[in-house]
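Everything below concerns the one structure shown next.
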Amino acid sequence: MNAGMRAAIVADEEILSPATLAVLSNRFEAIVREMTNTLLRSARSAVISVARDFSCSIVSADDELIASGEGLATHIFGSSLQCAELRRLHPDLKEGDAFVDNDPYVGNSHQADWGLMVPVFIDGEHMFTTIAKAHHADIGNANPTTYDPFAKDCYQEGALTFSCVQIQRGYTDIGDIIRMCERRIRVPDQWYGDYLAQVGAARIGERRLKDLVAKYGKDTIRTFIKQWFDYSERTMAAAIGKLPAGTIHGRSTHDAIGPIEAIPVIADVEVDPVGGRVVVDLTANRDSVEAGINLTRATSTATALQSVFNILGALGMRVPHNQGSFRRVEVRLRRGSIAGIPIHPTCTSLATTGITDRILEAVQTGFAEAHPGLGLSGGGLGLGAGMAVIAGHDWRIDGPFVNQMFMGNNGGPATSSRDGWLTWLCNAAAGLLYRDSVELDEMKYPILFKEVRLLADTAGAGRRRGAAASRTAYGPRHDPMTVAMMADAWDTAPKGVLGGLPGTKATTTKIGADGTRESLPTLGEFTILPGEFIEGLDVSGAGYGDPKTREPELVLHDVLEGWVSREKAGEVYGVVFVGEIADDSLAVDVAATHALR
């Protein structure tokens with residue numbers, strides 16, 4: 001046995017101090033944050049540089065998620081699947097390599113999310129892979145949108161698909177791949193700028209990991225990873241131990257899509273607090289459909305894991321998000337299911353929303369209904385007019401434009417102790433995406449916003465209320481513009497729990513140049529002419545608990561803040577006021593409120 005092997009064994013047996021574990025875990029998180037800031041500040045499209053629809057992570061050489069920072073579960077929790085496929089397809093990885101992957105059939109979330117993967121070598125040994133995954137505004141689809149709910153298969157969707165394809169060798173672009181993208185993508189300069197931002201983020205991660213290992217040594221870092229995973233697993237087991245034992249039968253319904261009738265969504269969750277384990281079973285869901293709403297293995301897995309973390313998070317339990325904590329959650333999927341593992345050429349265009357959002361609703365409301373005090377109500381669902389993909393001709397540059405907007409908000413769900421988060425967006429995003437800036441979007445693209453407004457009396461009422469919905473209206477400045485929407489909840493609103501009221505439903509309206517109003521479906525692609533506007537009402541969060549048990553002083557605050565009208569306060573919450581808002585004399589009439597309630 002040589003000296004190096006003996007040193008490795010000693011390091012493996014060493015117990016790192018809690019302080020060292022904390023320092024190193026924060027160092028990994030800091031690297032991910034620097035990757036995140038690099039991508040945010042250098043990308044070109046608004047969907048990445050403004051809305052922050054991207055995520056960065058670090059995975060070990062044996063495909064285990066180490067650190068993810070503040071990113072989207074649908075992006076990050078499948079990173080290990082992508083890295084495993086990368087090593088399977090490329091067993092001869094070398095320093096300076098970079099790979100792009102958006103294949104939904106092996107480990108990616110959906111084709112619009114491009115993962116840029118960089119293997120990190122230390123003294124010739126592959127120790128990590130850094131991943132910068134971003135949602136691209138255009139992926140070469142047949143239609144100018146990243147989402148196509150009506151595509152019957154991946155061929156009709158038409159996206160460029162790369163299965164862990166090498167795009168850099170020796171830190172240099174492989175021109176063949178770049179030219180393929182430039183020929184198919186409508187705004188190649190925007191795409192290439194976003195791609196370079198991803199490369200920069202992944203390379204920053206590579207550089208910082210090399211510095212970290214140089215400071216602490218390989219053996220200490222290996223020991224840290226093992227012990228950090230073990231600590232995370234113990235923390236997860238302890239958190240699960242605080243949940244009630246039993247099986248939760250979560251149920252929700254996704255709206256009809258074209259000729260496909262409303263789709264039941266099923267999530268059964270078995271909790272074993274003594275053993276510190278949870279099983280999320282999605283196998284009872286129906287087979288895949290000929291539409292773009294099927295999930296991928298990555299998004300099915302991520303959604304199941306996220307649902308468990310959300311339940312624990314609503315109770316204030318903080319658990320690291322890594323492969324160690326994942327060990328305590330078993331996810332059961334079925335091949336060929338709409339919420340399982342898709343079979344090529346099944347279309348998975350909307351795999352990060354839609355059914356994903358409904359699974360989260362099923363689990364969260366299921367827990368609340370079975371165990372009052374746990375879980376969440378229903379929250380934001382789908383991507384309506386405020387989160388549409390816009391495309392057309394930009395007369396300022398005499399060329400095309402395309403962008404995924406995130407101007408709407410979709411109100412968040414309530415918990416037993418908190419009102420809903422206003423900028424929730426959708427259950428899969430869970431408040432982690434940023435809302436667009438009106439000024440930046442109008443500067444980057446030839447559009448004009450008429451209105452972005454939060455609406456009173458839209459939040460689902462409850463002892464704890466959901467977050468309010470917003471209304472967004474916009475149109476083209478000069479030339480016709482296409483608007484592609486992917487809204488759910490136009491028929492089945494977010495679900496209230498334990499007496500809480502449901503959220504609002506999504507609606508879409510076209511406002512003509514003469515002011516006439518025409519109701520539009522919330523799913524589909526529409527052309528808006530100059531002088532016309534498209535107006536969308538988002539869904540709001542639902543309520544948790546009987547509205548008439550909400551503390552009167554909180555209802556007073558809601559009325560003063562404009563979330564609830566005085567009339568609705570009396571009608572729904574059973575709170576009576578004296579005085580007026582205008583002269584700051586508004587107050588609760590305690591006796592009348594008690595009598596009304």
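Keep in mind it's a predicted model, so treat the numbers as computed, not measured. In this chain, residues are counted from 1 in sequence order.
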(Q) Taking atom CZ as the centre, does R297 end up with more than 12 heavy-atom neighbours from other residues, nucleotides or ligands that are less than 6.0 angstrom away? (A) no

**Q.** Closest non-hydrogen atom pair, Y474 against A388
**A.** OH-CB, 3.6 Å

Q) Under 3.5 Å, side chain of N403 to main-chain N/O of V389, donor-acceptor pair present? A) no

Q: To the nearest 0.5 Å, tell me how far M407 CE sits from E451 CD.
A: 12.5 Å

**Q.** Intermediate values then yes/no, side-chain hydrogen bond (donor to acceptor under 3.5 Å, both in side chains), S470 and D538
**A.** CA-CA 6 Å; S470 69; D538 297 324; 2.7 Å; yes

Q: Determine the interplanar angle of the F77 and F309 rings, folded into 0 to 90°, and report it as parallel if under 30°, tilted if 30 to 60°, perpendicular if over 60°.
A: tilted

**Q.** Shortest non-hydrogen contact from Y445 toward A46
**A.** OH-N, 3.1 Å

Q) Would you say T458's side chain and S540's backbone share a donor-acceptor pair under 3.5 angstrom? A) no

Q) Would you say the side-chain atoms of D194 and S45 include a donor-acceptor pair closer than 3.5 Å? A) yes

Q | is_close_aromatic(Y195, W114), centroid dist under 6.0 Å | A | no

Q.
Between the side chains of D419 and R463, is the shortest nitrogen-to-carboxylate-oxygen separation below 4.0 Å, so that they form an ion pair?
A. no

Q: Report yes or no: does D558 contribute a side-chain atom to a donor-acceptor pair with the main-chain N or O of V564 at less than 3.5 Å?
A: no

Q) More than 12 heavy atoms of other residues, nucleotides or ligands under 6.0 Å from CH2 of W490: is that the case? A) yes

Q: Indicate whether the side chain of Q82 and that of D101 have a donor and an acceptor atom separated by less than 3.5 Å.
A: yes

(Q) Quick check with a 6.0 Å cut-off and a 45 degree axis cone: is R52 positioned over the face of Y434's six-membered ring? (A) yes

Q | Shortest non-hydrogen contact from S109 toward K133 | A | OG-NZ, 3.7 Å

(Q) Looking only at side-chain N and O atoms, does S349 offer a donor or acceptor that is under 3.5 Å from a partner on D148? (A) no

Q: Could you verify whether a donor N or O on one side chain and an acceptor N or O on the other, from S79 and S57, lie under 3.5 Å apart?
A: yes

Q) Do D53 and Q404 have a side chain donor and acceptor closer than 3.5 Å? A) no

Q | Residue pair M405 / F449: nearest heavy atoms and the distance that separates them | A | SD-CZ, 3.8 Å

Q | Side chains of T348 and N294, donor plus acceptor under 3.5 Å | A | no

Q | Any pair counted as ring pair (Phe, Tyr, Trp, His ring centres under 6.0 Å), so long as it reaches residues 391-412, sequence neighbours left out | A | W395-H478

Q: Please check if any side-chain donor atom of E157 sits under 3.5 Å from a side-chain acceptor atom of H110, or the reverse.
A: no

Q) Can you find a pair of side-chain heavy atoms, one from V555 and one from W563, that are under 4.5 Å apart? A) no

Q. Will you find, in the side chains of T356 and T353, an N or O donor that is under 3.5 Å from an N or O acceptor?
A. no

Q | Whether R517 side chain and I511 backbone form a donor-acceptor pair below 3.5 Å | A | no

Q. When you check the side-chain N and O atoms of E361 and S252, is any donor under 3.5 Å from an acceptor?
A. yes

Q: Side-chain contact test, heavy atoms from C-beta onward, threshold under 4.5 Å: evaluate it for L454 versus L422 and give yes or no.
A: yes

Q. Less than 6.0 Å separating the ring centroids of H136 and F54?
A. no

Q. If you measure only the distance, is there a donor-acceptor pair under 3.5 Å linking the side chains of N143 and T145?
A. no

(Q) Ignoring hydrogens and geometry beyond distance, is a side-chain donor-acceptor pair present between T161 and Q111 at under 3.5 Å? (A) yes

(Q) Tell me which one of T253, T303, D488, T492 satisfies side-chain hydrogen bond (donor to acceptor under 3.5 Å, both in side chains) with R358. (A) D488

Q. Within a reach of under 6.0 Å around CZ of R396, are more than 12 heavy atoms found that belong to other residues, nucleotides or ligands?
A. yes

Q. Heavy-atom distance under 4.5 Å between the side chains of V308 and V280, does that happen here?
A. yes

Q. Does a sphere of radius 6.0 Å around NE2 in H344 hold more than 12 heavy atoms from other residues, nucleotides or ligands, not counting ones at 6.0 Å or beyond?
A. yes

Q. Is any NZ, NE, NH1 or NH2 atom of the basic residue among D138 and R186 found under 4.0 Å from an Asp or Glu carboxylate oxygen of the other?
A. yes

**Q.** Under 3.5 Å donor-acceptor, Q156 side chain and K152 backbone
**A.** yes

Q) If we ignore angles and hydrogens, is there a donor and acceptor under 3.5 Å between the side chains of S337 and N285? A) no

